[in-house]
Amino acid sequence: MSDTSGIFEPGFDKKVEISYDSLPNSSFEDVNLGGAKFSNVNLKESIFEDVNMDEVVFDNTSMQSGKFTDMYMINSKFLGVNISNSRFGCSIMNNVEFKNPDLKNSQFIHCDLSGVEISDCKIDGLKINGVDIQKLLEQHEKEIQGI
């Protein structure tokens, strides 16, 4: 705020540090937080809409029961992330890497899996369009071996 006019004056390239504070139910709109660092922060039940998170890093983060809709996660990597009970819908996830995830009991519905590679994965009970893939691979191995 300007001292004389009462009109908001945006601060450009201003550095703000907030530590040991509680800001529940706060709202941030048209804010540039590029390059910001969040450590030991509780964002439970927060909503992010129309947000640019290009090249963002989530480390040691729990995203259980998250809802990810209309996301563009191209060239993204999910390395050791807990996304249990999360939902991904209407999203573009090209060239994405999942490393060491636990995807038990997951469902992939109406997905484009063209060019997807699955290797060194436990596939007990994996079905594609109702076909048990482990049994299909076992049958394929028998045919290769001529059994």
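For the numbers below, each heavy atom of this structure counts, side chains included, while hydrogens, waters and symmetry mates do not.
- For the atom pair OG1 of Thr69 and CD of Glu49, the computed distance is 10.5 Å after rounding to the nearest 0.5 Å.
- No more than 12 heavy atoms of other residues, nucleotides or ligands lie within 6.0 Å of CD1 in Ile118, so this atom counts as exposed by the packing criterion.
- Looking at heavy atoms from C-beta onward, Asp70 lies out of side-chain contact with Ile92 at the 4.5 angstrom threshold.
- Connection of Ile128 to Val116 is not established within any shared hydrophobic cluster, with ILVMFWY side chains joined at heavy-atom distances below 4.5 Å, either directly or through further cluster members.
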Do Phe38 and Leu43 pass the side chain to side chain contact (heavy atoms under 4.5 Å, CB included) test, and can you show the C-alpha distance, the side-chain angles, and the key distance before you say yes or no?
CA-CA 10 Å; Phe38 299 89; Leu43 293 172; 5.5 Å; no
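- At distances below 3.5 Å, not a single donor-acceptor pair connects side-chain atoms of Ser114 with backbone N or O atoms of Asp112.
- Taking CG of Asp50 as the start and CD of Glu29 as the end, the distance is 10.0 Å to the nearest 0.5 Å.
- At a threshold of 4.5 Å between non-hydrogen side-chain atoms, the residues Gln64 and Asn82 count as touching.
- Linking ILVMFWY residues whenever their side-chain heavy atoms come closer than 4.5 Å, directly or via other members, leaves Val57 and Met53 in distinct clusters.
- Met93 and Met71 fall within a single hydrophobic cluster, where Ile, Leu, Val, Met, Phe, Trp and Tyr side chains are chained together by heavy-atom contacts under 4.5 Å.
- The structure places SG of Cys121 at 13.0 Å from CD1 of Ile133, a figure rounded to the nearest 0.5 Å.
- Taken from CD1 in Ile74 to OG in Ser76, the straight-line distance is 8.0 Å, to the nearest 0.5 Å.
- Classified by interplanar angle (parallel below 30°, tilted 30° to 60°, perpendicular above 60°), the ring pair Phe68/Phe88 is parallel.
- One distance of note links NZ of Lys135 with NZ of Lys127; it measures 7.5 Å at 0.5 Å rounding.
- Taking each heavy atom of Ser65 and Ser86 in turn, the nearest pair found is N-OG, 3.6 Å.
- To the nearest 0.5 angstrom, Asn60 atom CG is 10.0 Å from Asn40 atom CG.
- Tyr72 is not listed as a side-chain neighbour of Asn94, based on a closest heavy-atom distance of 4.5 Å or more.
- Following chains of ILVMFWY side-chain contacts shorter than 4.5 Å, one cannot reach Phe98 starting from Leu113, and the two form parts of different hydrophobic clusters.
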CA sep, side-chain torsions, deciding dist, call: Leu79, Glu97, side chain to side chain contact (heavy atoms under 4.5 Å, CB included):
CA-CA 8 Å; Leu79 310 173; Glu97 178 182 340; 3.8 Å; yes
Can you list the steps and then say if Ile123 with Leu137 is a side chain to side chain contact (heavy atoms under 4.5 Å, CB included)?
CA-CA 10 Å; Ile123 60 167; Leu137 289 174; 3.5 Å; yes
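- Looking at heavy atoms from C-beta onward, Leu126 lies out of side-chain contact with Asp132 at the 4.5 angstrom threshold.
- Two residues are said to be in side-chain contact when any heavy atoms from C-beta on lie closer than 4.5 Å; Met73 and Phe78 meet this criterion.
- In the displayed structure, Glu141 atom CD is contacted under 6.0 Å by more than 12 heavy atoms of other residues, nucleotides or ligands.
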